[in-house]
Amino acid sequence: MTIRPIARYPDRRLTVPARRVTAFDDGLRELAADLLETMRAAPGIGITAPHVGVPLRLVVLELDAKAGAQTYVNPEITWASPEMIMHKEGSVSMPGINDEVQRHARVRIEYQDLDGIARTEESEGLGAVCHQHEIDQLDGMFWLQRLSRLKRERLVKKFEKMTRTS
């Protein structure tokens, strides 16, 4: 397992929609293991292949260390509740920056596991927020795009200032 360099905002690779995974092989398993190591080192609770410059629809989440990490290949939201929640979000590509984002309270996703087997999962609360956040990233939508222009500009300026002083 390798800790890979993370693409930093505003890296263009974070805005490119990821391609579907078609090869369920050792290379995919290695990438998933690298994503887990990279996410833990960041630290974070979710990461996508595009975060490390690989344009594939692959997500690793670890919301609870005891429950362990979960890998999602080619995830898609198939249902979202009408109820909405606000939750603080950030990104491993923009460390130190976060803000409240409105998301669906519950979602159902369809995805494949690392062996290519089709799966369905329903989530709520933090899990639902993470699924929506990471699937947005796979679609080329960085979380800041969910904010008003004013909030987005304020956070970008703050990040630029933090980056210059570090």
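- Under the 4.0 Å criterion applied to side-chain N and carboxylate O atoms, Glu100 and Lys151 are not assigned as salt-bridge partners.
- The hydrophobic cluster containing Ile45 does not contain Trp143, counting ILVMFWY residues as joined when their side-chain heavy atoms lie under 4.5 angstrom apart, directly or transitively.
- Not one N or O on the side chain of Thr2 forms a donor-acceptor pair closer than 3.5 Å with the backbone of Asp34.
- Residues Ala7 and Ser93 approach most closely at O-OG, 2.6 Å, considering heavy atoms.
- Ile85 belongs to a hydrophobic cluster with Val129, counting contacts under 4.5 Å between side-chain heavy atoms of Ile, Leu, Val, Met, Phe, Trp and Tyr, direct or through other members.
- The list of salt bridge (charged side-chain N to carboxylate O under 4.0 Å, His left out) pairs with a residue in residues 41-54, not counting sequence neighbours, is empty.
- No more than 12 heavy atoms of other residues, nucleotides or ligands sit less than 6.0 Å from atom CD of Glu124.
- Taken from CZ in Arg103 to SG in Cys130, the straight-line distance is 9.5 Å, to the nearest 0.5 Å.
- Note that NZ of Lys88 and CG of Asp99 are 7.0 Å apart. Values are rounded to the nearest 0.5 Å.
- Within the hydrophobic cluster formed by Ile, Leu, Val, Met, Phe, Trp and Tyr side chains joined at under 4.5 Å, directly or through other members, Leu31 is accompanied by Ile6, Val21, Phe24, Leu28, Leu35, Leu36, Met39, Ile47, Val52, Val54, Leu56, Leu58, Val60, Val73, Val92, Leu114.
- In this structure, Phe142 and Ser91 have side chains that are in contact, with non-hydrogen atoms separated by less than 4.5 Å.
- Taking 4.0 Å as the cut-off between side-chain N and carboxylate O, Lys157 and Glu153 do not count as a salt-bridged pair.
- Side-chain contact between Gln132 and Val101: absent, with no pair of heavy atoms (C-beta onward) separated by less than 4.5 Å.
- The ring pair (Phe, Tyr, Trp, His ring centres under 6.0 Å) analysis of residues 32-51, with sequence neighbours excluded, yields no pairs.
- Taking each heavy atom of Ile3 and Glu37 in turn, the nearest pair found is CG1-O, 4.0 Å.
- Side-chain N or O atoms of Asp136 include none that pairs as donor or acceptor with a backbone N or O of Met141 at under 3.5 Å.
- Annotation: side chain of Leu14 is in contact with side chain of Gln137 (closest heavy-atom distance under 4.5 Å).
- Judged purely by atom type and a 3.5 angstrom limit, Thr38 uses its side chain to pair as donor or acceptor with the backbone of Arg4.
- The cluster map of Ile, Leu, Val, Met, Phe, Trp and Tyr, joined by side-chain heavy atoms under 4.5 Å apart, puts Met94 and Met162 in the same cluster.
- Within the model, atoms OG of Ser123 and CD of Gln70 stand 11.0 Å from one another, a figure rounded to the nearest 0.5 Å.
- In this structure, the side chain of Asp115 does not engage the main chain of Ile117 through any donor-acceptor pair within 3.5 Å.
- Residue Val59 comes nearest to Leu61 through the heavy atom pair CG1-CG, 4.0 Å, listed as atom of the first residue, atom of the second, then distance.
- For the pair Asp11 and Arg13, the salt-bridge criterion is met [side-chain N within less than 4.0 Å of a carboxylate O].
- For the atom pair CD1 of Ile97 and CD of Glu89, the computed distance is 14.0 Å after rounding to the nearest 0.5 Å.
- Sorted by first and then second residue, the ring pair (Phe, Tyr, Trp, His ring centres under 6.0 Å) pairs with a member in residues 86-114 read Tyr72-Tyr111; sequence neighbours excluded.
- The structure places CZ of Phe159 at 6.5 Å from CZ of Arg8, a figure rounded to the nearest 0.5 Å.
- Nearest heavy atoms, Ala128 versus Ala105: CB-O, 3.5 Å.
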Between Asp139 and Arg57, does a side-chain contact (heavy atoms from CB on, under 4.5 Å) hold up when you go through it step by step?
-> CA-CA 9 Å; Asp139 293 338; Arg57 295 188 71 81; 2.9 Å; yes
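- Cluster partners of Trp79, using a side-chain heavy-atom cutoff of under 4.5 Å among ILVMFWY residues and allowing indirect links: none.
- Residues Glu83 and Arg106 form a side-chain contact, since some pair of their non-hydrogen atoms from C-beta on lies under 4.5 Å apart.
- The heavy-atom pair separating Ala42 from Gly44 by the smallest distance is CB-N, 4.0 Å.
- Glu121 has its side chain out of reach of Val107: every pair of non-hydrogen atoms, C-beta onward, lies at least 4.5 Å apart.
- The NE2 atom of His131 lies 7.5 Å from the CG atom of Leu63; values are rounded to the nearest 0.5 Å.
- Using a 4.5 Å cut-off between side-chain heavy atoms of Ile, Leu, Val, Met, Phe, Trp and Tyr, with links allowed through other members, Met86 and Leu147 fall into different hydrophobic clusters.
- When each of Arg19, Arg20, Glu110 is tested with Asn74 by the rule side chain to side chain contact (heavy atoms under 4.5 Å, CB included), just one qualifies, namely Arg20.
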